[in-house]
Structures are given as C-alpha cells and as structure tokens.
2 protein chains.
Amino acid sequence: MATKCYCIALRKAERRVTSVYDEALKPAGVNIAQFSLMRTIEREAPVSLSKIGRLAELDRSTVGRNVKVLERMGLVKTLHGEDQREAAVVLTARGRSVLVDGAKLWDEAQTMIEKRLGVVATRQLKTLLQTL
Amino acid sequence: MATKCYCIALRKAERRVTSVYDEALKPAGVNIAQFSLMRTIEREAPVSLSKIGRLAELDRSTVGRNVKVLERMGLVKTLHGEDQREAAVVLTARGRSVLVDGAKLWDEAQTMIEKRLGVVATRQLKTLLQTL
DNA sequence: CCCATTTACGGGTAGATACCCAATTAATGG
DNA sequence: CCATTAATTGGGTATCTACCCGTAAATGGG
C-alpha cells in the first residue's frame, strides 16, 4: 500500500493521472502529452523546438520526436524562418480543431481530479508540484 | 510558471524528482525504476512477472521488458517453478550487492526531497499521492 | 476425463523520454 | 572579414511504458 519512496509514489500517481487524462482525451484522438505540446505550440507559434523544450521542461530531442509524431498525424507542421537552424512549428487547421474538441474533454479531466481531491487537497497539490 | 493542468504539473514534477533519484543512484549503476523493481523482487522472490506487475502497478509486458534489462545487467535471473507458465524471478549476488550500495544512495535522495519540502509538505505529499 | 475459460508470457508496435555526437548556421570578437 | 564560439537540429542508442495478439499452461464444470 504505502510506498515509502516518494519517487515511486510520484511515478505511480503520474501513471494513474495520465491515464485519466488520456482516457478523457481519447475522443479527440490525442493523449495528454500531445495535447499539452499542441497547446504550447498554439500559444507560441511559430516556435522553435528548443523553445518548446525550455517551456515544457523537456529535452530538445524529445520535443523533436514528439513533434514528428504530431506532424505524421497532420496536426502541426514545420516551417522555416530567417534563422535557417530553427524550425518554426505551427498548428494546422486540423490541429486547431483538435484543440477545440480537446478543451472540453480536458476540462472534464481537470474537474475529475478536483473532485477526487477536494478543494483543500487540490490547493496543496498545486503548491507541492511547484515546489518539487 | 503555473501550469494549470494538474497532469502536466505532475509529469514535470515526476521528471524532476526522478532525475534526482537517478542521479543519486548513479554510483550503484541503476536508475530508480530499476532499483524499485529490484526491491520488489528481493521482497517477493521468487516472483512471477504478473505479480510484480500487480504490486508495482505496471503492465506485465512492461515488467517483462524491464526485467530483461536487469537480466542483461546480471542483476536478476529467471528460474521456473511448478507452474510452467510462470517465471520465478530472483536476485543474483550482484543484484543483492547493488541493493546494498543503492540503499544508502536512495536514503540520500529521500532526505533531499524531505528537506526540499519540509515536514508538513512531506506529509501532505504522502497523503496526496495515495489519493491520486 | 474433456473442453471452455482463465492465467502467464513473449513479441510486435508505438509513444515519451533522455543523453551523446555530428552537422549546419548564426553570432561575436579580433 | 575570418576564426572561434554558441545555438539549433537530427540521428543513434537506450529506458520505461502500454496495448494488442498469439501461444501455452492451469483450472474448473459437466
């Protein structure tokens, strides 16, 4: 029951919560990692892989690979601007549509978590996750 | 700064905390996922992949693959008991030695997290992660 | 005792993640 | 203006993770 290791407990919780969000987002055809990546791209577009990485706290190579998956799915595309090194990632029309559909589903997942925790614990969670 | 999505915040925290433990365990030659898996095997040996999966809340196929890595590293080995279907996973001598070395390093990581959070937040964290 | 169901694995496929190294392009200091 | 340094990618390699499917073994009814 009680996992002594904070890290392992955190990893278990991460898997459980991720699956709640993934399940909720299924109708939109993306998982939470992809959804979040697309939201960052939407907010910052056109944006380089490095910048996405800094914002999402992900390795650049990870971002590159994840973006490639979204490209294959037709949800984002990569252009090139002045700086020939940089990729300029933007959403496609279908990508924007997925974000619209996903927003409602994401809200449901958020609410589900808040309901599971209650008001006090939810606030605690926010604080803790920022500190960790 | 403030990630609104509980899931994304949780995933970020998971990556950060995991890297703290992975870094701490480096001298032992394993990461936190492997260390935890080995501890489960130590506690339950000889144990089947399915049972490990239930205990660790991991898919059986995941456990199978992770155990294979530990086998390649010479830290565990798989025997077979009465039930011909079941694998009976046990630690090797080297595996036990890694657990001994790792225990101190793991303690350091645990302490690091407790120090980062303080007593109150640490207790809150435990409760929250159990609820999630 | 035999067949249907359940249980346990293994492999295929695929995504998320990170580290390292090489190549290309930009920027900067002399 | 050129050489050195810095920044951006891409690809190789490797883990961790999960889902699905097929196979083999155990189990429980009839």
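Below, read A as the first sequence line, B as the second, and so on, with proteins coming before strands; counting in each chain starts at 1. Side chains are part of it too, since the values below use all heavy atoms of this structure and drop only hydrogens, waters and symmetry mates.
- For the atom pair A/Glu108 CD and A/Tyr21 OH, the distance stands at 11.5 Å (nearest 0.5 Å).
- If you take CG of B/Leu37 and P of D/dT17, they are 9 Å apart, rounded to a whole angstrom.
- Going from atom CD of B/Glu86 over to atom C1' of C/dC9 covers 10 Å, rounded to whole Å.
- Electrostatic pairing of B/Lys77 and B/Glu71 does not count as a salt bridge here, judged by no charged N lying under 4.0 Å from a carboxylate O.
- Here D/dC20 presents its P atom at 13 Å from CZ of B/Arg60, a figure rounded to the nearest Å.
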Where along nucleotides 15-21 of chain C does protein come under 4.0 Å, by heavy atom, of base (B) or sugar-phosphate alone (S), with - for untouched nucleotides?
SSBBB--

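- B/Ile32 places its CD1 atom 16 Å from the C1' atom of D/dT17, with the value rounded to the nearest Å.
- To the nearest 0.5 Å, the span separating CE on A/Met38 from CZ on A/Arg43 amounts to 12.5 Å.
- Residues satisfying the salt bridge (charged side-chain N to carboxylate O under 4.0 Å, His left out) test with B/Glu14, not counting sequence neighbours, are A/Arg11.
- B/Glu86 places no side-chain N or O within 3.5 Å of a backbone atom of B/His80 that could act as its donor or acceptor partner.
- The line from CZ of A/Phe35 to CG of A/Leu25 is 6.0 Å long, rounded to the nearest 0.5 Å.
- To the nearest 0.5 Å, the span separating CG on A/Leu125 from CG on A/Leu117 amounts to 6.0 Å.
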All N/O donor-acceptor pairs, side-chain side in residues 54-65 of chain A, below 3.5 Å, sequence neighbours left out:
residue : atom : partner : partner atom : Å
A/Glu57 : OE1  : B/Arg16 : NH1          : 2.7
A/Glu57 : OE2  : B/Arg16 : NH1          : 3.1
A/Asp59 : OD2  : A/Ser61 : N            : 3.0
A/Asp59 : OD2  : A/Ser61 : OG           : 2.6

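- Atoms CG (B/Leu70) and P (D/dT15) sit 10 Å apart, rounded to a whole Å.
- Of the side-chain N and O atoms in B/Lys68, one or more sit less than 4.0 angstrom from OP1 or OP2 of C/dG11.
- The pair A/Glu23-A/Lys26 counts as a salt bridge, with a side-chain nitrogen and a carboxylate oxygen less than 4.0 angstrom apart.
- For the pair A/Glu14 CD and D/dC16 C1', the interatomic distance rounds to 10 Å; values are reported in whole Å.
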Show each protein N/O and nucleotides 22-25 of chain D N/O combination with a separation under 3.5 Å, one pair to a line.
residue : atom : partner : partner atom : Å
D/dA25  : N3   : B/Arg85 : NH1          : 3.3

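- Contacts between residues 88-103 of chain B and DNA chain D, defined by a heavy-atom separation below 4.0 Å, involve no residue at all.
- The CG-C1' distance, from B/Leu25 to D/dT15, rounds to 15 Å in whole Å.
- Here CG of B/Leu10 is found 10.0 Å from CG of B/Leu128. Values are rounded to the nearest 0.5 Å.
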Please report, to 0.1 Å, the donor-acceptor pairs under 3.5 Å made by any side chain of residues 90-103 of chain A, with sequence neighbours excluded.
residue : atom : partner : partner atom : Å
A/Thr92 : OG1  : A/Gly74 : O            : 2.7
A/Thr92 : OG1  : A/Leu75 : O            : 3.2
A/Thr92 : OG1  : A/Arg94 : N            : 3.4
A/Thr92 : OG1  : A/Gly95 : N            : 3.0
A/Arg94 : NH1  : A/Met73 : O            : 3.3

